Visitor: 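The structure is given below, and queries will be raised subsequently.
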Protein chains: 2
Amino acid sequence: MTQKRVTSFDVAREAGVSQSAVSRAYTPGASISKRTRDKVEAAARKLGYQPNAIARSLISRRSNMVGIVMADIINPFYPAVLDMFMRKFQERGHRVMLFMASRDQNIDDLLPQLLEYQVDGVIITSSTLSSEMAEYCSKLGTPVTLFNRYVPDVEASSICCDNIGAGRSVADLFLNSKHQQLAYIAGIENTSTNKDREYGYKTRITERRAKPMLKEVGNYTYEGGYQAALRLFAAGQPDAIFCANDIMALGVMDALRSELKLRIPEDVSIIGFDDIATAAWQGYRLTSIRPPIERMVDATINNLIERIEDPSTPLAASIESIELAIRDSARLPEHIGMLHSFE
Amino acid sequence: MTQKRVTSFDVAREAGVSQSAVSRAYTPGASISKRTRDKVEAAARKLGYQPNAIARSLISRRSNMVGIVMADIINPFYPAVLDMFMRKFQERGHRVMLFMASRDQNIDDLLPQLLEYQVDGVIITSSTLSSEMAEYCSKLGTPVTLFNRYVPDVEASSICCDNIGAGRSVADLFLNSKHQQLAYIAGIENTSTNKDREYGYKTRITERRAKPMLKEVGNYTYEGGYQAALRLFAAGQPDAIFCANDIMALGVMDALRSELKLRIPEDVSIIGFDDIATAAWQGYRLTSIRPPIERMVDATINNLIERIEDPSTPLAASIESIELAIRDSARLPEHIGMLHSFE
DNA sequence: CTGAAAGCGCTTACAG
DNA sequence: CTGAAAGCGCTTACAG
């Protein structure tokens with residue numbers, strides 16, 4: 001049955017050294033002789049000892065855990081992001097406590113649960129927090145970083161990609177290749193990602209004095225995109241559609257092909273956002289905006305850890321540039337290479 | 001800056017009660033008068049106090065955290081599973097510490113990192129552990145449950161679905177609808193899921209004295225399925241293919257349509273496994289075996305928590321029955337309803 | 001380098 | 001119901 005846990009005192013007794021010595025054997029850089037360490041290691045192996053990280057966290061006031069809040073894990077973009085976060089934190093020896101939020105809800109009520117466990121820092125993805133809650137974290141000394149979201153005037157770092165620039169570029173791409181009627185399929189309307197993508201796209205269309213864009217809302221889901229496409233063509237006849245994410249774009253493609261009998265890209269050009277794995281599948285070959293996930297993840301982790309280690313580190317507010325992954329779903333100007341980089 | 005944390009002593013002083021009283025105010029069921037509790041709550045609110053879960057874990061020897069080990073989060077089946085686990089644990093007030101393993105590796109070296117944090121229990125998905133490690137956990141009193149995997153003679157519970165039965169049923173389905181040459185696309189060959197699905201399928205084909213099945217390995221990925229399909233048709237001419245998971249089946253469908261110019265299901269029938277969301281997309285309409293995810297998740301959580309609360313609870317070894325989600329990728333016998341249930 | 005001791009912030013018998 | 005006290009299993013000054 002459950003046997004008594006073996007503690008550093010047990011190991012000390014077995015090894016014939018003090019309990020402090022045992023602790024030092026497990027503290028990198030502690031001053032301990034090789035002889036003592038060897039004795040401790042032998043005793044620990046014999047007894048099956050492993051330090052208790054909970055006790056260590058309590059006394060050292062450092063849990064070595066970070067909290068990650070995710071929502072929307074059904075959209076394949078986020079599992080890829082989570083996977084990358086996990087691997088990098090594991091490599092660095094950090095543990096992660098995961099929380100699942102409803103998509104794009106405010107997570108003020110979730111945060112106390114994280115804070116209770118004294119996580120050293122928090123990463124928030126596809127959700128937001130109030131500025132009061134951010135201030136509370138900041139007072140507690142727990143740094144917070146928003147990944148792929150921002151909220152103005154909040155005491156948190158924010159790592160995004162250039163959503164506005166992406167929208168502008170897509171508009172240019174469509175217009176440069178002689179599309180007449182552009183359309184936009186929105187994600188969840190009040191998210192910063194959606195607002196920025198839409199703003200850039202729409203603004204650029206206006207600047208170039210093209211026909212005002214058509215728009216429907218797809219809520220970032222396949223089914224939402226599918227239905228939005230149907231509504232779009234019931235109301236008008238666009239020949240170019242920018243979708244706020246890939247999974248909606250895939251729904252749009254299926255709707256055009258199976259219900260509307262339109263050819264892609266001959267009749268309609270489509271560009272998505274995220275460059276998820278499915279976008280490259282033979283059945284779709286979707287042209288898509290590719291955010292630099294790895295750079296964003298690295299920036300997020302680096303800034304968070306810096307702020308954990310030195311609380312005076314300034315907040316980050318970075319906007320990483322994106323690329324275009326060109327495949328077959330859009331008619332584009334001829335001079336664009338296989339992988340186009342917007343700088 | 002980082003201000004001194006407010007502790008139960010601070011709250012006690014503010015409220016004019018003992019520190020024990022503060023603790024009791026946060027312990028459900030503790031004997032404390034309403035008056036005292038009110039005073040504590042007022043003081044706590046004023047000071048912004050929240051109990052330190054790390055200290056609680058240390059003294060109560062219960063962390064209220066469970067560890068979940070996942071691999072293969074790129075396959076959309078697992079994010080859906082993770083999402084369900086997360087929501088259910090959050091509802092019950094458990095925290096989860098997440099670990100990412102490489103797919104189907106042995107996670108013996110990962111477990112100590114979990115155990116160090118005194119998780120109350122561990123769930124392992126799409127990976128395995130050695131029986132030595134399982135025994136070690138058991139000695140420590142930390143229950144382990146394998147989700148969708150089993151390893152023989154190991155001190156861990158195991159919740160699976162009926163992989164063997166599924167394989168047999170698919171063989172019957174194909175044979176009953178007059179397919180001549182069956183084929184199998186394997187996942188990762190040494191996984192229990194793959195072995196069981198293949199065993200059931202192959203055995204049933206033999207029992208019915210049909211032509212021996214063709215086989216290629218697709219390693220559970222889209223690309224792997226795509227390439228396996230090409231190899232399959234270079235070597236033979238199957239008219240029915242059972243794929244060990246959906247994502248490979250999708251790759252197979254794309255390969256048949258875009259490279260081999262074969263029609264589905266007129267020329268070739270395809271059945272997948274997992275019933276992931278993508279299987280229902282218009283572009284695929286894949287017929288697939290649907291494991292009862294929610295029942296499996298519930299069984300996993302219930303057994304784990306029971307064993308946490310009462311270590312004498314016996315191990316579970318459950319095999320949940322599966323269903324067939326019928327769509328358009330396979331020619332099937334006419335008398336099967338929309339959603340077929342194998343009991 | 002080493003050990004004795006204090007203390008992290010709680011829970012929980014124990015006595016009243 | 002309430003408080004004083006012990007103790008969970010460590011880290012880390014402090015003194016030698």
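Below, read A as the first sequence line, B as the second, and so on, with proteins coming before strands; counting in each chain starts at 1. Computed over heavy atoms, backbone and side chain alike; hydrogens, waters and symmetry mates excluded. All figures in this text were calculated on a predicted structure; none of them were measured in a lab.
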Visitor: Please answer whether the main-chain N or O of B/Cys160 pairs with a side-chain N or O of B/Asn148 as donor and acceptor at a distance below 3.5 Å.
Guide: no
Visitor: According to a strict under-4.0 Å criterion, is A/Tyr49 in side-chain N/O contact with OP1 or OP2 of D/dC10?
Guide: yes
Visitor: Does the B/Asn302 side chain pair with the main chain of B/Asp298, one donor and one acceptor, at a distance under 3.5 Å?
Guide: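 Pair found, side chain donor or acceptor close to backbone of B/Asp298.
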Visitor: Measure from CG on A/Asn64 to P on C/dC8 and round the result to the nearest Å.
Guide: 21 Å
Visitor: Are the side chain of B/Gln118 and the backbone N or O of A/Asn52 linked by a donor-acceptor pair below 3.5 Å?
Guide: no
Visitor: Counting side-chain heavy atoms from CB outward, which of C/dT11, D/dC10, C/dG9 is closest to A/Phe9?
Guide: D/dC10
Visitor: Please state whether the phosphate of D/dG9, meaning OP1 or OP2, lies under 4.0 angstrom from any side-chain nitrogen or oxygen of A/Ser8.
Guide: no
Visitor: Choosing from D/dG9, D/dA4, C/dG3, which nucleotide comes nearest the side chain of A/Ala21?
Guide: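 Among D/dG9, D/dA4, C/dG3, the one nearest the side chain of A/Ala21 is C/dG3.
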Visitor: Map B/Arg37 and A/Ala55 onto DNA chain D by nearest heavy atom, then report which one ends up closer to the 5' terminus.
Guide: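 Taking each residue's closest nucleotide, the earlier one in sequence belongs to B/Arg37.
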Visitor: Does the ring centre of B/Tyr49 sit less than 6.0 Å away from the ring centre of B/Tyr26?
Guide: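 Ring-ring flag for B/Tyr26/B/Tyr49: true, centres closer than 6.0 Å.
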Visitor: Considering just the side-chain nitrogens and oxygens of B/Ser18, establish if one lies under 4.0 Å of OP1 or OP2 belonging to D/dG3.
Guide: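 For D/dG3, OP1 or OP2 has a side-chain N or O of B/Ser18 closer than 4.0 Å.
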Visitor: Side chain of B/Ile59: nearest nucleotide among C/dC10, C/dG7, C/dG3?
Guide: C/dC10
Visitor: Give DNA chain D the dot-bracket treatment, 5' to 3': Watson-Crick (N1-N3 with N6-O4 or O6-N4) or G-U (N1-O2, O6-N3) under 3.5 Å, [ ] crossing, | other strand.
Guide: |||.||||||||.|||
Visitor: Which one, C/dA4, C/dC10, D/dG9, comes nearest to the side chain of A/Ser20?
Guide: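 Among the listed nucleotides, the one closest to the side chain of A/Ser20 is C/dA4.
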Visitor: If I take atom CD1 in residue B/Ile54 and atom C1' in nucleotide D/dC10, what distance separates them, rounded to the nearest angstrom?
Guide: 12 Å
Visitor: When you measure from the side chain of B/Arg24, which nucleotide among C/dA13, C/dC10, D/dC10 comes out closest?
Guide: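 Comparing C/dA13, C/dC10, D/dC10 against the side chain of B/Arg24, the answer is C/dA13.
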Visitor: Using a heavy-atom cut-off of under 4.0 Å over every strand shown, decide if A/Thr36 touches base, sugar-phosphate, or nothing.
Guide: sugar-phosphate
Visitor: Please state how far atom CD1 in A/Ile32 lies from atom P in D/dT11, giving the value in whole angstrom units.
Guide: 12 Å
Visitor: Is it true that B/Ser33 and B/Thr36 share a donor-acceptor pair across their side chains at a distance under 3.5 Å?
Guide: yes
Visitor: Taking only side-chain nitrogens and oxygens of A/Ser60, does any of them come within less than 4.0 Å of OP1 or OP2 of D/dT11?
Guide: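 Answer is no, no contact under 4.0 Å.
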Visitor: Measure CG/A/Leu58 against P/C/dT11 and give the value in whole Å, please.
Guide: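 Going from CG in A/Leu58 over to P in C/dT11 covers 12 Å.
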Visitor: I need the CZ-P distance between B/Arg5 and C/dG9, as an integer number of Å.
Guide: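 In whole Å, C/dG9 P and B/Arg5 CZ are 7 Å from each other.
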Visitor: Whole Å only: how far is the CZ atom of A/Arg56 from the C1' atom of C/dC8?
Guide: 14 Å
Visitor: Hey, does A/Ser33 reach any base, or is it just sugar-phosphate, or nothing, if we go heavy atoms under 4.0 Å?
Guide: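 Sugar-phosphate, backbone atoms only, no base.
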Visitor: Among C/dT12, C/dC8, C/dA5, find the nucleotide with the atom closest to the side chain of A/Arg61.
Guide: C/dC8
Visitor: Would you kindly give the CG-to-P distance between A/Asp38 and C/dC1, to the nearest whole Å?
Guide: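 After rounding, the reported distance stands at 14 Å.
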Visitor: Is the closest side-chain donor-acceptor distance between A/Asp153 and A/Ser131 under 3.5 Å?
Guide: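 No, no side-chain donor-acceptor contact under 3.5 Å.
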Visitor: Distance check, rounded to the nearest 0.5 Å: B/Ser157 atom OG versus B/Glu306 atom CD?
Guide: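 Reported to 0.5 Å precision, the distance equals 9.5 Å.
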Visitor: Counting only N and O atoms by type, is there a donor-acceptor contact under 3.5 Å from the side chain of B/Ser138 to the main-chain atoms of B/Ala134?
Guide: no
Visitor: Could you tell me how far apart A/Tyr117 (OH) and C/dC10 (C1') are, to the nearest whole angstrom?
Guide: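 Atom OH in A/Tyr117 sits about 13 Å away from atom C1' in C/dC10.
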